[in-house]
Amino acid sequence: MAVRGRAGKIPGDEADERLLVEAAQKDPSRFAPLYENHFEHVYAFIVRRVRDRDEAEDLTSEVFHRALANLPRFEWRGAPFAAWLLRIAANAVADRWRQAEKDRDVPNPGGPAEINLEEEEHRARLFRLVDTLPADQGRVIAMRFAEEKSIREITRELGRSEGAVKQLQFRGLENLRARLSKEPGAKPGGKHA
């Protein structure tokens, strides 16, 4: 997936996260743990909307730049820090659409969608799991589902046969299913709580 320091997680303990935010508000150089904890979550949210890897990486960077710049104004109001970041992300995507609309004189394709935190956390978890797959499987899964490329496009880019790409996709999906079923909170049959 996108380049980053290390795999992050969405903190489950609001008190710990609050301490991280307060520390970063006092000293911006302490923003890194917040970035690391929320990178995949924000990236998953953005890549689903813009469907272009380079643009998603640029927008993710922009979101964290805006978050750091506006961190002194952040206040706890009962919503998790991730919700604030996703609102910034939704605004960044909308700004990009508006700019593209001005540049091309094309109508906005529906604007930003409602944010579903549970769905976005699931997507972030999937992005982390794809990173744990064997390299060929992970690349095919990322190209097929994150970048929404056809099997034919993937075969051309990877220089593999259509059968080989389909087999890598099948094995990658099977590995993801198995890994998802082993995660905490997974229900029998591979479904999640």
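Just the heavy atoms: all of them, side chains too, but no hydrogens, waters or symmetry mates, feed the values below. All figures in this text were calculated on a predicted structure; none of them were measured in a lab.
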Going by side-chain heavy atoms closer than 4.5 Å, which hydrophobic residues are tied to V140, directly or by a chain of links?
M143, I151, I154, L158, V165, L168
Apply side-chain contact (heavy atoms from CB on, under 4.5 Å) to L68 and F64, showing your working.
CA-CA 6 Å; L68 182 58; F64 283 102; over 6 Å; no
E17 and H38: side-chain contact (heavy atoms from CB on, under 4.5 Å), yes or no, with the steps?
CA-CA 11 Å; E17 182 155 74; H38 295 284; 2.5 Å; yes
For W84 and L71, what are the C-alpha separation, side-chain angles and deciding distance, and is it a side-chain contact (heavy atoms from CB on, under 4.5 Å)?
CA-CA 10 Å; W84 185 67; L71 193 60; 4.2 Å; yes
Let me see the working for R179 and E174 under side-chain contact (heavy atoms from CB on, under 4.5 Å), right down to the final yes or no.
CA-CA 9 Å; R179 291 168 193 213; E174 287 297 308; over 6 Å; no
R66 meets the salt bridge (charged side-chain N to carboxylate O under 4.0 Å, His left out) criterion, sequence neighbours left out, with E62, D95
How close do G138 and V130 get, counting heavy atoms only, and between which atoms?
O-CG1, 3.7 Å
Restricting to non-hydrogen atoms, name the atom on L34 and the atom on A24 that form the minimum distance, rounded to 0.1 Å.
CD1-CB, 3.9 Å
Is it the case that R171 and Q137 place a side-chain donor and acceptor less than 3.5 Å from each other?
no
Run the side chain to side chain donor-acceptor pair (under 3.5 Å) test against R30 and tell me which residues pass, sequence neighbours left out.
none
With the side chain counted from C-beta on, respond yes when [X] and [Y] share a heavy-atom pair under 4.5 Å apart, and no when they do not.
| X | Y | value |
| --- | --- | --- |
| Q25 | F31 | no |
| E153 | E157 | no |
| Y43 | E57 | yes |
| F45 | H41 | no |
| R139 | D136 | no |
| V63 | F39 | no |

Pair R156 + E162, salt bridge at N-O below 4.0 Å:
no
If you measure from [atom1] on [X] to [atom2] on [Y], what distance do you get to the nearest 0.5 Å?
| X | Y | atom1 | atom2 | result |
| --- | --- | --- | --- | --- |
| D52 | R96 | CG | CZ | 9.5 Å |
| L20 | N37 | CG | CG | 6.5 Å |
| T60 | E55 | OG1 | CD | 10.5 Å |
| I141 | D131 | CD1 | CG | 12.5 Å |
| F74 | E22 | CZ | CD | 10.0 Å |
| L59 | N91 | CG | CG | 11.5 Å |

